[in-house]
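Inspection log for the structure reproduced underneath, given as structure tokens.
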Amino acid sequence: MNFYLFIDLVVAGLVTGGIYAVVALGLNLQYGLMRIMNIAHGEFLMLGAYFTYALVKVTGASPLWFIPPMMVALFLLGLLLHRLIFRLLAATSPNAEAMEARSLIVGFGLMFIAQNVAQLIWGGGMSGQPYLDAPVTFGEVTVAANRLLVLVVVAAASLALVLVLKKTLLGKAVRGMLQAPLGAMLVGIDTRTLHPACFGLGLALAGLAGGLLSMVYELTPAMGEPYTISALIVITLGGLGNIPGAIAGAILLGLAETFGMYFTSPSMKILISYGVLVGVLLLRPKGLFAR
Amino acid sequence: MRAAQPPLPLPLPREGGGEKVGLELDVGDLRAGYGGLPVLHGISLIAPAGRITVLVGANGAGKTTLLKTLAGVMPPVSGSVRVDGEALSGDTPADRVRRGMALVPEGRHLFPDMSVRENLELGGYLATRAQREEMLDSVVGIFPRLGERLTQMAGTMSGGEQQMLAIGRALMSRPRLLLLDEPSLGLAPKMVDEMFAALRRINKAGTTLLLVEQNVFQALAVADFAYVLGHGEMIAEGAAWELRGNALIKRVYLGEAIAG
Ligand SMILES: Nc1ncnc2c1ncn2[C@@H]1O[C@H](COP(=O)(O)OP(=O)(O)O)[C@@H](O)[C@H]1O
Ligand SMILES: [Mg+2]
């Protein structure tokens, strides 16, 4: 294989993997902390993409201006959804399994609502308006500027989240809730505020991924669905609640899909994802980083 | 609004200090259960300030349910819980921690994939950074083994070390009333001795202890007062030295030992 093609594929794989990481981190917190099986997670990515793109179209300004306020809006939407729906589900579910099953059904509902709202407002086929697609050249390697930008932002966001979880007391509290919910309650960690905040953070991160994707890809109301699937695969690969593991799993999946699709065909994407999942689970049944 | 609390004193080391450290716990006619299934049918007990009170009772009697209710993990159906004569305000575990209570739960519930130091830090989640550092030194003073292993992951330690860490984590909030749920469960005899010695030191520094134990005779040996819980009801109470000779206890526990 030629070197430049190889670099191209690596960059594409890292971009996809980075997006998967950001999407999976939020879902990992939601499922790991609250047993919310949020099957509508990808729909918040889609909403973030449309929100950003619609504002770009109206104002003509750079999408980067609209990503932060969109993330704040999705965070607040997360607080609202948690307050209206998931808090009630948690209070009335007799156990974790019931919570998972019920939140799954709620998630399907949210998915239909979100997709149809997007369809209603923006219509089915809104072709993306690529932003910053001029190539950047490093010696002999050429990469589209927008892909590079996506890569830098997702890497920065993932790193920031990992550092917060690793180093700050609040981040340690979140990990504590993941590892031992009763232990966390007993030291005084307040799940009543941290749970909604983490749920909202998950939506904001999905929105970030969507805003970034709106610079690169075409938008459709169903664009989020494959990302939900990928995020679930990534969480399984990395281990539930394992944040660095999810990032490694996301990069592995992004690279495997990109290289796999290049050497076979784009229609093989799903088969390749499941192949990676099955392969890893055969070798390491408890995920990449199980002790 | 809660009344202003006096600042929590450092419980350790405080041998011979004049100021009162321990809180008195007064439970009146407490009823609690799971989803309509009653488990505690009106429990009353007093754990006097600065003393060790031990609660014994067969498996399934409701000891863990009582401690979880006291710690705010589950709501009572009715009854009163007073601390130093004052009804508890607020109902979350965090409110109880702020009031000076801490529970070392059955099964420990440590953070297994975090280091010993991180577990202790989270124990002081509601304290200030300066208080956390001060308490970390005190805890390492009582459990030097934890000090040697600050970077080890909690989940990789032995059962005895994990129990020390669970007690250390609870101490990090500077409790004036420490509840312990079967801390000797599953420990090697030498570790059990070490743990009881540590509990004695913690109590010497002023902290009130309410200790649930299956290790009845060892627990009665360190305790000042004792209660025996039957199925959701108190069936005996008194000074620990009295209950050591109590025929009922002998029958129940020696009987249990033979049956079990
Ligand atoms: N989470 C629970 N849900 C329903 N019943 C429970 C639960 N935990 C304990 N119980 C029941 O409550 C009773 C008292 O249990 P527990 O407080 O754990 O007793 P002890 O600690 O004295 O062994 C038992 O009959 C037990 O089966
Ligand atoms: Mg018990």
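Throughout, protein chains are lettered first and strands after them, A, B, ... in sequence-line order, and every chain is numbered starting at 1.
- Within the model, atoms CG of A:Leu186 and CG of B:Leu67 stand 10.5 Å from one another, a figure rounded to the nearest 0.5 Å.
- Of the listed residues (A:Asp190, A:Leu170, A:Ile189), the greatest number of heavy-atom pairs within a distance under 4.5 Å of chain B belongs to A:Ile189.
- Ranked by non-hydrogen atom pairs under 4.5 Å with chain A, the options B:Gly123, B:Ala102, B:Gly72, B:Ala170 are led by B:Gly123.
- Rounding to the nearest 0.5 angstrom, the gap separating the CG atom in A:Leu169 from the CG atom in B:Leu122 is 6.0 Å.
- For the residue pair A:Val187 and B:Tyr125, the shortest heavy atom distance occurs at O-CB, 3.9 Å.
- Chosen from B:Met114, B:Arg169, B:Lys68, the residue pairing most often with chain A at heavy-atom distances under 4.5 Å is B:Met114.
- Of the inter-residue distances, the one linking A:Met185 atom CE with B:Arg96 atom CZ reads 10.5 Å to the nearest 0.5 angstrom.
- B:Ala94 and A:Gly188 make their closest contact through CB-O, 3.5 Å (heavy atoms, listed as atom of the first residue, atom of the second, distance).
- In this structure, chain A has a heavy atom under 4.5 Å from the side chain of B:Arg132, while its backbone stays farther away.
- Comparing A:Ala180, A:Pro181, A:Gly241 by heavy-atom pairs within less than 4.5 Å of chain B, the highest count is held by A:Ala180.
- Among the candidates B:Gly155, B:Pro112, B:Gly35, the residue making the largest number of heavy-atom pairs closer than 4.5 Å to chain A is B:Pro112.
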